[in-house]
Amino acid sequence: MGRGGDVDGAAGALRRFVREAGGCAVVDGGLATELEAHGADLHDELWSASCLVSAPHLIRKVHLDYLDAGANIITSASYQATIQGFQARGLSRERSEALLRRSVHIAQEARTIFAEGWSKGPYANHRSSPRRPVLVSASIGSYGAYLADGSEYTGDYGISVTKETLKSFHRRRLQVLADAGPDLIAFETIPNKLEAQAYAELLEENDVRIPAWFFFTSKDGHSAASGDPITECAAVADACARVGAVGVNCTAPRLVHGLILSIRKVTSKPVVVYPNSRETYVAETKEWVESEGGASLTDFVSCVGKWRQAGAALVGGCCRTSPATVRAISWALRESDDAVGGDGDRDDFPAVAVL
């Protein structure tokens, strides 16, 4: 998996990866919450991407925490990192592009440290295994994430924002991240069909040969945040050979089961889900508030088996989740395997092969 791969084999490569992982793989969890827990100040429009400038060592530490918790896939700190956003802070274009590349390289460094025996040091844990390599996913947040006005949760970009506007905004960022050599490119928190179409066209026009993932966000369990039917959004991903998987992120856990079923109606590609915790983001105040009917860690993890049975091939956590969440997901997936007669000879965490 990576540069120079077979375009038509994007979904097939991910299916092989999932098989090597024991039938279901584990995605990491929230980055910003963990950075704040380690002392980072994220009161910044760049959000977690600000640490690429001020505290890259903290990003590396969070990646290692998730690896130690059992993640098979770690995601770069580039969700809110854009050339335009960095330049607005006074950085040159060259420096801005270097920071994008750095986000991927930090994750790759964490993978190397872990593979070389990080678990022998401060992360000593009998469950950790340096024999378990992982994939690095380069995160691309939506246009709304750059605006930092909460519109990634509504998809309301205004009538002046066209598909060409979105392509122009994302084009160079996509190319820089792809050239940094990640194993995957994750288009996260896509709020509408229009932006998904823009991404699909960019993948073709830029001849990106790294498998992509499309992740939509939903507020009602039937549609993307904009109101576009989730089936129509997923169909955009299904139609693009360069997209290897499709799913949902930054969504309430109680909505995920129905979304998986809807997505599977229009695609046979692997389905990935990594919902939020029990809280909901309020764009007006830029705060997280407890959601009515929100899921505790126990409730969240109790859903994992149902998500897998519904067809999810990869499971993780998004905002306000932690390494504890990922560790619990890892165990829940193992228990789900045991319940359906899975292979009992596997390690405590799925053994994954980098493709």
Applying salt bridge (charged side-chain N to carboxylate O under 4.0 Å, His left out), which residue pairs with at least one partner in residues 85-98 are found, sequence neighbours left out? D44-R89, R93-E97, E97-R172

Can you list every salt bridge (charged side-chain N to carboxylate O under 4.0 Å, His left out) pair that touches residues 213-233, not counting sequence neighbours? K193-E232

Partner of I263 under side-chain contact (heavy atoms from CB on, under 4.5 Å), chosen from D238, T231, V246: V246

Option among L166, T162, T165 that satisfies the side-chain contact (heavy atoms from CB on, under 4.5 Å) test with L194: L166

[X]-[Y] side chain donor-acceptor pair, cut-off 3.5 Å:
| X | Y | value |
| --- | --- | --- |
| S226 | D156 | no |
| D65 | H38 | yes |
| S142 | E152 | no |

Parallel, tilted or perpendicular: which one describes the rings of Y146 and F169, with boundaries at 30° and 60°? tilted

Please verify the inter-ring angle class for F216 with F214; under 30° counts as parallel, over 60° as perpendicular, anything in between as tilted. perpendicular

Considering non-hydrogen atoms only, spot the tightest contact between L255 and S218 and give its length. CD1-O, 3.9 Å

What's the shortest heavy-atom distance between G144 and S151, and which atoms? CA-OG, 3.2 Å

Charged N to carboxylate O under 4.0 angstrom, R102 versus E109? yes

Charged N to carboxylate O below 4.0 Å: is that the case for E205 and K167? yes

If hydrophobic clusters are built by linking Ile, Leu, Val, Met, Phe, Trp and Tyr wherever their side-chain heavy atoms come under 4.5 Å apart, do Y143 and F215 end up in the same one? no

To the nearest 0.5 Å, tell me how far L35 CG sits from S48 OG. 6.5 Å

Going by ring pair (Phe, Tyr, Trp, His ring centres under 6.0 Å), name the residues that satisfy it together with H170, two or more places apart in sequence or in a different chain. Y199

If you count heavy atoms of other groups shown closer than 6.0 angstrom to CZ of R101, is the number above 12? yes

